[in-house]
> 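Take this structure, written in structure tokens, and hold onto it; I'll ask about it next.
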Protein chains: 2
Amino acid sequence: MKKSTSTQDYLKHIYELSEGGEPASTNDLARVLKVKPASVTGMVQKLANEKPALVEYQKHQGATLTPVGKKAALEVLRHHRLLETWLVQTLGYSWAEVHEEAEKLEHVISEDFERRIAAALGNPTRDPHGELIPTPDLKMPQDDSASLSSLRSGQSATILRVNEDPNLLRHLDELGLIPGIRLMVTGYSPLDNNLTIKVEKKSFVLGLNITTKIFVEVEK
Amino acid sequence: MKKSTSTQDYLKHIYELSEGGEPASTNDLARVLKVKPASVTGMVQKLANEKPALVEYQKHQGATLTPVGKKAALEVLRHHRLLETWLVQTLGYSWAEVHEEAEKLEHVISEDFERRIAAALGNPTRDPHGELIPTPDLKMPQDDSASLSSLRSGQSATILRVNEDPNLLRHLDELGLIPGIRLMVTGYSPLDNNLTIKVEKKSFVLGLNITTKIFVEVEK
DNA sequence: GTCAAAATTTAGGTAAGACTAAATTATTTT
DNA sequence: AAAATAATTTAGTCTTACCTAAATTTTGAC
Ligand SMILES: [Mn+2]
Ligand SMILES: [Mn+2]
Ligand SMILES: [Mn+2]
Ligand SMILES: [Mn+2]
């Protein structure tokens, strides 16, 4: 029942690509997995014919996960996000550096290792990017964050998560807008949806392009 | 140039089996690698035909490492031993539990990861079992330890390493005879080569079967 | 609704690295 | 020195997961 590295990566990426409701297309999977579309077709057909089936697949309609496949995907995702958190906390990796390392380690660590790092980290619920970490019984917790773009003047909030786009990440890192930081909205421009936000003593004006990609917990 | 997990394990075990001077035999490799002898023949032939060659191989004569193969073997061994040290130090693994975990991780960590854990541990020279860790430039350090069996009454020493035999390990663990412990020889029996040793306030009499498998640094 | 472009699938191959069964070579025993 | 036993190698398969090239299906522009 132990799944290959390849299978685990397929399941993880099918999970991520189909989170929005749409099945993951052959082409999109090929892109994120860095293999040819023809290879993806072969692999999803195989995963759909396993017993029990890991994916639901109809020709030309893309792939979604069965409950069994989803468990397996969340297992890998839990490993990945715990590992990223742990590499950052204990080995001084930067936010940006951890991904590749976790991408390889996620497939080889034992359940014991998983429990040990989770415990050592105090059973965190989010990774360094702010992504939710699946629970030990492999459920994805409900995301209670709100988009920064939905806030208005006077509201305060703490950053939980930012989109993983590397360019955005670097930009926000320079501004100090990273998970854990507290901010306050001091202005809103209805015409262009710009928000003025204040962090510590500094203020920035941010466009919709940015504010929709920052997720926060609003103070009541 | 990046070597497969399989190749890395072959090289590591050829290194270990041929440390005594004799080439590693097909059968012995099959045993430690948990693979059939026929598979070993195929693989060592392949490794001998790589350019540059990783092993020296003559039909029926077993395999030894070329300088290139030896570097690669020491690389894996360094990873393995650093990982074991680190898992014990930072995640509370016991002495006995680490091996399997390190066996898988050794093949996937980056050089950056290696440097980070080495630095975090203070660049250790021995792993938790007391085995020497290859240096960053992949040389095996000179082993300056002496067998406990060579000591005589009045000499004091610190345990550096014990043989990895699981039964012996458990026994010595109960007696508190583990790397780092200081002991003194208080008696020697020429007829059976038994040694009486004192650790803290306790004394034990140990036979040659045990004393030849404990390695120490003698105090001058 | 037709038709070209884009996406997807099929068919046929390759490379690693394992296995089994049979053949060969080496080592012991007598 | 021959026979028996043990170790090793060869030959032929299998599985996994990739690839390319060609065929097909779907979609979007007119
Ligand atoms: Mn991965
Ligand atoms: Mn797990
Ligand atoms: Mn290994
Ligand atoms: Mn290394």
> Is the phosphate of dA6(C) approached by Asn27(A) (side-chain N or O, under 4.0 Å from OP1 or OP2)?
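It does not, given that no N or O in the side chain of Asn27(A) lies less than 4.0 Å from OP1 or OP2 of dA6(C).
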> Do the side-chain N or O atoms of Lys36(B) get closer than 4.0 angstrom to the phosphate oxygens (OP1, OP2) of dA18(C)?
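Lys36(B) to dA18(C) OP1/OP2: no side-chain N or O under 4.0 Å.
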> Among all residues two or more places apart in sequence or in another chain, which pass the salt bridge (Lys or Arg N to Asp or Glu O under 4.0 Å) test with Arg116(A)?
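For Arg116(A), the residues satisfying salt bridge (Lys or Arg N to Asp or Glu O under 4.0 Å) (neighbours in sequence not counted) are Asp112(A), Glu97(B).
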> Using a cut-off of strictly less than 4.0 Å, decide whether Tyr10(A) has a side-chain nitrogen or oxygen near OP1 or OP2 of dT16(D).
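For dT16(D), neither OP1 nor OP2 has a side-chain N or O of Tyr10(A) closer than 4.0 Å.
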> What contact category does Ser39(A) fall into here, base, sugar-phosphate, or nothing, at under 4.0 angstrom with non-hydrogen atoms?
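Contact class for Ser39(A): base.
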> In whole angstrom, give the distance that lies between atom CD of Gln8(B) and atom P of dG17(C).
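Taking CD of Gln8(B) and P of dG17(C), I get 11 Å after rounding.
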> Starting from the 5' end of DNA chain D, give me the residue, Met43(A) or Ser25(B), whose nearest nucleotide shows up first.
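In this pair, the answer is Ser25(B).
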> List the atom pairs, with distances to 0.1 Å, where a side-chain N or O of residues 29-48 of chain B and a protein N or O form a donor-acceptor pair under 3.5 Å, not counting sequence neighbours.
{"from": "Arg31(B)", "atom 1": "NH2", "to": "Asp28(B)", "atom 2": "OD1", "distance (Å)": "3.4"}
{"from": "Thr41(B)", "atom 1": "OG1", "to": "Pro37(B)", "atom 2": "O", "distance (Å)": "3.4"}

> Could you tell me which non-hydrogen atom of His79(B) sits nearest to which non-hydrogen atom of Glu114(B), and how far apart they are?
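Closest approach of His79(B) to Glu114(B), heavy atoms only: NE2-OE1, 2.8 Å.
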> Looking at Ser6(B), I'd like to know whether one of its side-chain N or O atoms comes within less than 4.0 Å of OP1 or OP2 on dA18(C).
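True: Ser6(B) side-chain N/O within range (under 4.0 Å) of dA18(C) OP1/OP2.
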> Between Lys34(B) (NZ) and dG17(C) (P), how many Å, whole number?
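It works out to 19 Å between those atoms.
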> Heavy atoms only, 4.0 Å cut-off, all strands: where does Thr26(B) land among base, sugar-phosphate and nothing?
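Contact class for Thr26(B): sugar-phosphate only.
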> To the nearest angstrom, how far is Lys3(A) atom NZ from dA17(D) atom P?
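Interatomic distance, NZ of Lys3(A) to P of dA17(D): 12 Å.
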> Is atom CD of Glu164(A) surrounded by more than 12 heavy atoms (other residues, nucleotides or ligands) closer than 6.0 Å?
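Above 12, so yes.
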> Is Lys59(B) close enough to dA7(D) that one of its side-chain N or O atoms is under 4.0 Å from OP1 or OP2 there?
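Checking Lys59(B) against dA7(D): no side-chain N or O falls below 4.0 Å of OP1 or OP2.
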> Can you measure Lys2(B) atom NZ to dA15(C) atom P for me and round it to whole angstrom units?
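Those two atoms, NZ and P, are 21 Å apart.
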> How close or far is atom C1' of dA11(C) from atom CD of Gln45(A), stated in whole angstroms?
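Taking atom C1' of dA11(C) as the reference, CD of Gln45(A) is at 12 Å.
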> Look at Lys46(B) and dG17(C) and indicate whether a side-chain polar atom (N or O) is within less than 4.0 Å of OP1 or OP2.
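So the side-chain polar atoms of Lys46(B) do come within 4.0 Å of the phosphate oxygens OP1 or OP2 of dG17(C), strictly under.
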> Working to the nearest 0.5 Å, report the span between NZ of Lys104(A) and OG1 of Thr5(A).
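It is 11.5 Å, given to the nearest 0.5 Å.
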> In whole angstroms, how far is the P atom of dA7(C) from the CG atom of Asp28(A)?
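So the two atoms are 9 Å apart, to the nearest Å.
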> CG of Asp9(B) versus P of dG17(C): gap in Å, rounded?
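Rounding to the nearest Å, CG of Asp9(B) and P of dG17(C) are 11 Å apart.
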> Taking OP1 and OP2 of dA26(C), is either one under 4.0 Å from a side-chain nitrogen or oxygen of Gln61(B)?
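Negative; the distance criterion is not met.
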> Starting from the 5' end of DNA chain D, give me the residue, His60(B) or Ala38(A), whose nearest nucleotide shows up first.
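This one resolves to His60(B).
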